[in-house]
2 protein chains.
Amino acid sequence: MLTNRQLLILRAIIDDYIQTAQPVGSRTLSKRDDLTFSSATIRNDMADLEDMGLIEKPHTSAGRIPSEVGYRYYVDHLVEKQIIDERETGRLEERLKQSSKESEILIRQAADLLSDLTNYTTVALGPNSQSETLARVDFMPLDERRGVVLIVTDQGHVEHRTVMFESRVAPDVIEETIRLLNDRLVGTSIGQLKVRIGEEVAKLQLAQRQQYENMMQLIQSTVGIQTPSSLYLGGKKNIFNQPEFQTLDTLRPFLEWIDEQERLTHWLESLPNREIYVSIGSENGIVALQNCSVITSDYTLDGKTFGTIAMIGPTRMNYRHGVQMMGQIIEALRRTKLDE
Amino acid sequence: MLTNRQLLILRAIIDDYIQTAQPVGSRTLSKRDDLTFSSATIRNDMADLEDMGLIEKPHTSAGRIPSEVGYRYYVDHLVEKQIIDERETGRLEERLKQSSKESEILIRQAADLLSDLTNYTTVALGPNSQSETLARVDFMPLDERRGVVLIVTDQGHVEHRTVMFESRVAPDVIEETIRLLNDRLVGTSIGQLKVRIGEEVAKLQLAQRQQYENMMQLIQSTVGIQTPSSLYLGGKKNIFNQPEFQTLDTLRPFLEWIDEQERLTHWLESLPNREIYVSIGSENGIVALQNCSVITSDYTLDGKTFGTIAMIGPTRMNYRHGVQMMGQIIEALRRTKLDE
DNA sequence: GATTAGCACTCGTTAAATATGAGTGCTAAT
DNA sequence: ATTAGCACTCATATTTAACGAGTGCTAATC
């Protein structure tokens with residue numbers, strides 16, 4: 001167990017290191033207003049903190065830097081859980097409201113805002129329509145051989161796909177196909193739509209089948225193309241200002257990783273956490289991000305579950321401020337109304 | 001005017017420098033099979049080439065590197081205009097065909113392909129719907145207060161916008177509005193749609209106006225939101241392999257510039273050139289790209305004018321190969337059929 | 001017994017000193 | 001006109017030395 005003074009020292013080391021990115025020495029600490037002890041006393045405690053694995057030395061004659069264990073302790077014990085500053089949240093909400101009522105643009109704006117507020121890179125993932133369910137299918141002919149299939153989800157999202165017929169299809173066949181799909185598939189999750197259409201085709205009577213099979217299969221094939229959830233990266237250039245990313249060895253893996261949209265999407269989708277979660281350094285298990293910490297959270301827009309937002313900075317990130325800002329942003333998003 | 005030998009030497013210097021990224025010395029050149037002269041002779045010619053501004057020395061005791069003027073001469077006189085290798089084009093066409101019939105995906109694939117082929121970064125800009133014209137408007141109600149407006153262009157592109165009514169609108173009013181829009185606005189360019197709707201509203205009789213004004217204005221406001229032309233960046237990580245981008249001073253401006261999607265889009269749209277065009281070094285007028293050369297070209301997909309594709313590499317890029325590959329790719333795209 | 005002053009020691013960083021060698025320009029010989 | 005020869009230049013690499021922030025330990029002090 002840590003003594004009170006050790007706690008103070010640990011906190012001071014981390015706070016100092018977060019600000020300067022330089023190893024912190026005992027003399028520097030002893031000069032702080034909140035630490036009234038001599039450097040020798042502090043040195044003794046530092047040795048103890050090091051034994052406990054909370055801090056470490058880059059080399060013999062340097063000061064100490066926090067270890068991952070130290071950061072974890074700091075985040076778990078020394079960062080107060082999100083206290084929402086009403087005034088600040090209101091201001092954020094206002095800025096979001098001004099940008100647009102279009103959800104996509106709002107999300108981007110939120111990511112940019114969070115990025116500006118913290119100077120870290122942010123990633124925002126839009127809603128994953130795969131998990132939404134079908135509310136309505138419709139069809140609109142374009143010309144003799146082409147038409148647009150409209151898919152509306154229960155969350156009010158609309159997608160369209162252009163389909164192309166092999167040959168002319170009678171209007172009433174189209175109409176009937178759409179009616180069938182609406183009758184039988186409303187409520188199906190978008191991800192399963194493809195399979196379910198296949199099942200419905202199988203159920204058709206032989207007479208019907210000849211008529212509708214083509215049309216159904218056509219729709220099935222286009223519906224199978226999943227539009228990836230929209231992904232937005234905000235403040236990517238912020239990374240250039242971080243002292244730990246001033247060399248190509250560290251910068252390159254980071255940038256290469258962050259630019260791989262698909263991988264990034266999968267990673268965000270795989271995060272199990274519903275509320276604000278902090279992953280420190282190698283905890284995230286991603287080699288390219290081993291020197292990064294990530295604050296993630298799911299968010300809701302206008303009350304509806306929407307997506308995931310993440311903030312990526314160096315392990316030496318300002319956790320207190322980061323967690324705080326993340327809380328403010330998701331609260332502001334939650335309160336933002338799409339209509340009215 | 002250049003002597004034959006000077007031409008040979010200039011070409012050798014550039015070819016060598018393109019490969020090694022190192023200043024080329026007279027001794028190195030004299031050892032080449034295609035240059036049978038002594039290093040001293042070559043030195044004399046090099047001095048002349050330098051006087052003409054075609055090559056320059058980084059410092060007194062280094063070899064020579066091509067100047068921008070030198071590259072320009074090289075590209076204009078020493079790079080043979082695109083000769084299309086039928087077999088290679090066929091192979092590319094095949095690879096494109098396999099990826100998808102969806103134009104968006106095809107374009108991405110083309111950019112990636114070009115990037116793999118050349119090891120440079122590529123940017124592909126999709127069609128700019130602003131310049132296309134309206135072929136059809138349609139409306140599909142979602143519920144009492146919302147609906148989807150479908151906009152189809154002459155090029156067969158479809159866009160949709162969700163609109164929200166203040167209050168319930170009678171179906172026949174909607175129907176009539178859409179009929180009106182179709183009657184009067186088909187053929188209008190998408191970019192002008194907003195203005196044109198305004199004009200049409202002004203023309204309405206007073207009686208009609210009360211009925212349709214709201215609806216029209218609603219559509220007008222959503223139509224005004226221009227969907228930006230789709231932009232795709234391929235092979236961004238290739239830049240990390242270029243020796244001239246191994247330092248943050250050069251890398252950072254490049255990456256920051258390339259990541260600014262809007263600016264990039266505008267830049268690509270502002271390029272006046274219809275056919276393959278090479279911009280060397282500072283010619284492009286962009287500070288962040290002053291050490292880059294760009295090969296750009298408009299492309300057509302399935303015969304229809306589509307967008308712009310660009311290849312960005314260091315000024316020391318392999319122009320011969322780059323121009324060649326660019327030619328192949330746009331030819332392959334031109335031949336790719338979207339339907340069948 | 002806890003705290004602090006004092007001091008020898010460590011080791012990464014920086015600066016100056018030196019060596020290396022690729023490449024040039026010029027001159028004189030071919 | 002071409003080439004061999006040579007003195008000279010200058011970026012780069014290597015070595016050496018000086019510096020100083022910081023530590024751990026011991027002995028004195030509160």
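A, B, ... follow the sequence lines: proteins, then strands. Residue 1 opens every chain.
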Q: Nearest-nucleotide wise, let me know which of B:P58 and B:F37 is further upstream toward the 5' end of DNA chain D.
A: B:F37

Q: Please figure out whether A:N44 or A:P23 has its closest DNA chain D nucleotide nearer the 5' end.
A: A:P23

Round to the nearest Å and state the distance from [X] atom [atom1] to [N] atom [atom2].
X     : N      : atom1 : atom2 : answer
A:R27 : C:dA5  : CZ    : P     : 11 Å
A:R64 : C:dC11 : CZ    : P     : 14 Å
A:I42 : C:dT3  : CD1   : P     : 11 Å
B:D48 : D:dA1  : CG    : P     : 12 Å
A:Q22 : D:dG20 : CD    : C1'   : 14 Å
B:L29 : C:dT24 : CG    : C1'   : 13 Å
A:D45 : D:dG24 : CG    : C1'   : 14 Å

Salt bridge or not between [X] and [Y]? Use side-chain N to carboxylate O under 4.0 Å.
X      : Y      : result
A:D45  : A:R5   : yes
B:D259 : B:K236 : yes
A:R108 : A:D112 : no

Just compare [options] and give me whichever is closest to any side-chain atom of [X].
X     : options                : value
B:M46 : C:dT4, D:dT23, C:dT24  : C:dT24
A:T60 : D:dG24, C:dT4, C:dC11  : C:dC11
A:K57 : C:dT24, D:dT23, C:dA22 : D:dT23

Q: Both distances under 3.5 Å, Watson-Crick or G-U wobble: report the partner of C:dA16, or none.
A: D:dT15

Q) Across all strands shown, which nucleotide pairs with D:dT9 by Watson-Crick or G-U wobble geometry, both distances under 3.5 Å? A)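 Looking at the geometry, D:dT9 pairs with C:dA22.
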
Q: If the plane angle is over 60° it's perpendicular, under 30° parallel, otherwise tilted; pick one for B:W267 and B:W257.
A: perpendicular

Q) What orientation do B:Y71 and B:Y319 show, parallel under 30°, tilted 30 to 60°, or perpendicular over 60°? A)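 Judged by the thresholds at 30° and 60°, the geometry between B:Y71 and B:Y319 is tilted.
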
Q) With no angle test and no hydrogens, is the base of D:dG24 tied to the side chain of A:R43 by a donor-acceptor pair under 3.5 Å? A) yes

Q.
Base, sugar-phosphate or nothing for A:T41? Non-hydrogen atoms, less than 4.0 Å.
A. base

Q. Which is true for B:A62 with a 4.0 Å heavy-atom rule: it touches a base, it touches only sugar-phosphate, or it touches nothing?
A.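 Sugar-phosphate, no base atom in range.
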
